[in-house]
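The basis for the numbers below is simple: all heavy atoms, side chains too, and nothing from hydrogens, waters or symmetry mates. Throughout, residue positions are numbered sequentially from 1 according to the sequence presented.
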Amino acid sequence: PASGSYFVNRLIPLRRSLPRDPSVMAAMKKLDLKIAAINLEHKQPPPPAEPGRAAFAGVAACMKCHAAAVDFWKKTVHATAWKTLAGGKQADYKCIGCHLTGYGQVGGSALGFTKGLEAVQCENCHGPASLHVAAKGLEEPSSVHRAVPETTCLGCHNEKHSDTFQYQAYLRDVLGPGHGAEARKKLGDGPTGRELRAAAVAKAKRAGASAAPM
């Protein structure tokens, strides 16, 4: 208005560059731990696999025959997915589904029942492998699958959790020597998932810097 008192509403993005209030941070961490404790008090094991049905064996079992593939996997972000959860988040229902192997599936993992299935392991992509392990890979037809469709990835790599996801780009990060080397070669040159993510983070930082109060 030309005269008189007034105020203006303005949305301020909650960017990482904004300072955090220590007391609020401490309260949030305390709440995370409290929720985790409550969840663990009510934990339930995953349903066991009935006879003849494959269960999740864990990466240690895969390592016995696929050492090169597992060694390559250890260099990917999938291998450290569980370790990224801290401060009670390892018992948070909103988080663990995409940081475990076989979460919520028959013969898989559940909140509080994660031993040997922590992180995003081979079986999340290729299917439960207990029958494959027991047969030493000689079962016909194979009880696991090599090809991984994009729909498998989209369970976690969605707009909410993985806004830079592009199927072929992210495949370039998880295929290589010992693990799908030929498939990686067919993908050819192009952006990787890490590169897409790094570019997005850099863009967000620039936006945060330009929006910071003078």
Query raised in the report: Donor-acceptor pair, W73 side chain versus V174 backbone, under 3.5 Å?
Result: no

**Report entry** Stepwise side-chain contact (heavy atoms from CB on, under 4.5 Å) check, L154 with N158
**Finding:** CA-CA 5 Å; L154 291 175; N158 51 48; 5.8 Å; no

Query raised in the report: Is the closest side-chain heavy-atom distance between F113 and P46 below 4.5 Å?
Result: yes

Requested in this report: Enumerate the residue pairs fulfilling side-chain hydrogen bond (donor to acceptor under 3.5 Å, both in side chains) with a member in residues 167-181, sequence neighbours excluded, ordered by first and then second residue.
Outcome: T164-Y170

Query raised in the report: Do the non-hydrogen side-chain atoms of V70 and F72 ever get within less than 4.5 Å of each other?
Result: no

Query raised in the report: Counting distance only, does the side-chain N/O of Q105 pair as donor-acceptor with the main-chain N or O of G102 below 3.5 Å?
Result: no

Report summary line: NE2 of H161 to SG of C95, rounded to nearest 0.5 Å, is 7.5 Å

Query raised in the report: For K136, which residues count as a salt bridge (charged side-chain N to carboxylate O under 4.0 Å, His left out) partner, sequence neighbours excluded?
Result: none

Query raised in the report: Less than 4.5 Å apart, any side-chain heavy atom of C122 and any of H66?
Result: no

Query raised in the report: What closest approach, in Å, do P128 and A55 show between heavy atoms, and which atom pair accounts for it?
Result: CB-O, 3.3 Å

Query raised in the report: What are the two closest non-hydrogen atoms of G88 and L33, and how far apart are they?
Result: N-CD2, 3.8 Å

Query raised in the report: How many angstroms lie between atom CG of L111 and atom NE2 of H42, to the nearest 0.5 angstrom?
Result: 12.0 Å

Query - Donor-acceptor under 3.5 Å (H126 side chain, H145 main chain) - result: yes

Query raised in the report: Sub-3.5 Å donor-acceptor pair from the side chain of E182 to the main-chain atoms of G180, do we have one?
Result: no

Query raised in the report: Atom CG of L117 and atom OH of Y103: how far apart are they, to the nearest 0.5 Å?
Result: 13.0 Å

Query raised in the report: Is there less than 2.5 Å between the SG of C156 and that of C98?
Result: yes

Query raised in the report: So, does S109 use its side chain to make a donor-acceptor pair with the main chain of T101 at under 3.5 Å?
Result: yes

Query - Pairs meeting criterion salt bridge (charged side-chain N to carboxylate O under 4.0 Å, His left out) with involvement of residues 23-43, two or more places apart - result: D32-K89

Report summary line: Looking only at heavy atoms, the pair that brings V144 and G127 closest together is CG1-O, 4.0 Å

Report task. Could you pull out the closest heavy-atom pair between L175 and A183, with the gap in Å? Result -> CD1-CB, 3.9 Å

**Report entry** Atom pair CZ (F56) and CG (N124), whose distance is rounded to the nearest 0.5 Å
**Finding:** 6.5 Å

Report task. Calculate, to the nearest 0.5 Å, the distance between atoms CG and OG1 belonging to L171 and T192 respectively. Result -> 11.5 Å

Query - Any side-chain heavy-atom pair of R194 and V77 under 4.5 Å - result: yes

Query raised in the report: Do the side chains of W82 and I96 get nearer than 4.5 Å, heavy atoms only?
Result: yes

Report summary line: Rounding to 0.5 Å, atoms CD (Q90) and CG (D92) come to a distance of 11.0 Å

Query raised in the report: So which heavy atom on A81 is nearest to which on V120, and how close?
Result: CB-CG2, 3.8 Å

Query raised in the report: Does any non-hydrogen side-chain atom of T84 lie less than 4.5 Å from one of H99?
Result: yes

Query raised in the report: Any ion pair linking R53 and E50 (charged N to carboxylate O, less than 4.0 Å)?
Result: yes

Report task. Could you tell me whether a side-chain N or O of Q166 sits under 3.5 Å from a main-chain N or O of G193, the two making a donor and an acceptor? Result -> no

Report task. Please check if the side chain of S162 supplies one atom and the backbone of H157 the other of a donor-acceptor pair under 3.5 Å. Result -> no

Report task. Heavy atoms only: give me the nearest V106-P48 pair and the separation to one decimal. Result -> CG1-O, 3.5 Å

Report task. Decide whether L100 and L40 are clustered together by the hydrophobic rule: side chain heavy atoms of Ile, Leu, Val, Met, Phe, Trp, Tyr closer than 4.5 Å, transitively. Result -> yes

Query raised in the report: Is it the case that Q121 and H78 place a side-chain donor and acceptor less than 3.5 Å from each other?
Result: no

